[in-house]
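Please read the structure below before turning to the comments.
So that the names make sense, note that chain A is the first sequence line, chain B the second, and so on, each numbered from 1.
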There are 2 protein chains.
Amino acid sequence: MLFNEAFKAIADPTRRKILSLLKSGDLTAGEIASHFDMQKPSVSHHLKILKQADLIQDQRVGQHIYYSLNTTVFQDLMSWFYDFLQKEGDK
Amino acid sequence: MLFNEAFKAIADPTRRKILSLLKSGDLTAGEIASHFDMQKPSVSHHLKILKQADLIQDQRVGQHIYYSLNTTVFQDLMSWFYDFLQKEGDK
DNA sequence: TCTATAATTAGAAAAATATCTAAATATCTA
DNA sequence: TAGATATTTAGATATTTTTCTAATTATAGA
């Protein structure tokens, strides 16, 4: 399970912003990078971490690599929080 | 808003375990520390970070300091994830 | 095949984080 | 008030993370 990787991935504000950008639709690495005051290799590094955590997927189309959300992990993470709101005692 | 602090606090496995322990009920700093292979000051440091993120509260009772969950922030965090599961397009 | 564009990988430097030991603070009890 | 217990604070060190520049890989088009 890459629960820990996912939590660590989401802990960074740049990466959370990347995820939010992808809510509106798939974007290329370059398009994502254009939203940040940061060099492309740095953004690429963040994308790699998000991908390793299975929060995003990538697909090459010609010269471009498109990134998209993988929402299945979000469900797992959300469940983790949900369990705290109905802490029935033992867990 | 201490959204970022909360996400960073939760990114650490030790701190997530502390939160899970508190689901079952309030615990003193010492009781919490006894669950870890780590010196007390290290655990104390984690408690401080969780407290700064408003994920837990503390209350002194005599020599002991009891820690308890503050679930209100969990709701906010959960909402953040929820928004990804119904990404209607713009956000 | 050569050149341009898109993106990543490599490696280094700087900043942030986790952990430790020692010392300090707070409270209880005799 | 003195000693014991619970806990935190201080300061140091080691590890991890973020970011940068330079170099590399992959693809498209002339």
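Residue B:Tyr67 has a polar side-chain atom (N or O) positioned under 4.0 Å from OP1 or OP2 of D:dT8. One finds a side-chain N or O of B:Ser44 lying less than 4.0 angstrom from the OP1 or OP2 phosphate oxygen of D:dT8. Close to C:dA6, at under 4.0 Å from its OP1 or OP2, lies no side-chain N or O of A:Tyr66. The shortest distance between the side-chain N/O atoms of A:Thr28 and the OP1/OP2 oxygens of C:dA7 is below 4.0 Å.
Using the six-membered ring where Trp is involved, B:Phe74 and A:Phe84 have ring planes that are parallel, under 30° apart on the 30 and 60° scheme.
Residue B:His64 has its side chain nearest to D:dA6 when only D:dA6, D:dT19, C:dT17 are considered. Closest to the side chain of B:Gln63, out of D:dA22, C:dC20, C:dT27, is C:dT27. In this structure, of C:dA7, C:dA10, D:dT8, it is D:dT8 that holds the atom nearest to the side chain of B:Pro41.
The hydrophobic cluster containing A:Val61, built from Ile/Leu/Val/Met/Phe/Trp/Tyr side-chain heavy atoms closer than 4.5 Å, also comprises A:Tyr66.
Atom pair B:Leu47:CG and C:dT17:C1' shows a separation of 16 Å (rounding to whole Å applied). Whole-Å rounding puts the A:Lys48 NZ to D:dT19 P distance at 16 Å. When the C1' atom of C:dT25 is taken as reference, atom NZ of B:Lys40 falls 15 Å away, rounded to whole Å. Look at CD on A:Glu31: it is 14 Å from C1' on C:dT5, rounded to the nearest Å.
B:Gln39 contributes no side-chain N or O that forms a donor-acceptor pair with the base of C:dT19 under 3.5 Å.
Within residues 52-62 of chain B, the residues having any heavy atom closer than 4.0 Å to DNA chain C are, in order of number, B:Arg60, B:Gly62.
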**OP:** Give the dot-bracket string for DNA chain C, reading 5' to 3', where a pair is Watson-Crick or G-U wobble with both distances under 3.5 Å, ( ) marks pairs inside the strand, [ ] marks pairs crossing earlier ones, | marks a partner on another strand, and . marks unpaired.
**Re:** ||||||||||||||||||||||||||||||
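Across all strands, A:His46 comes closer than 4.0 Å only to sugar-phosphate atoms, never to a base (heavy-atom distances).
Residue-environment remark: NZ (A:Lys17) exceeds the threshold of 12 foreign heavy atoms within 6.0 Å.
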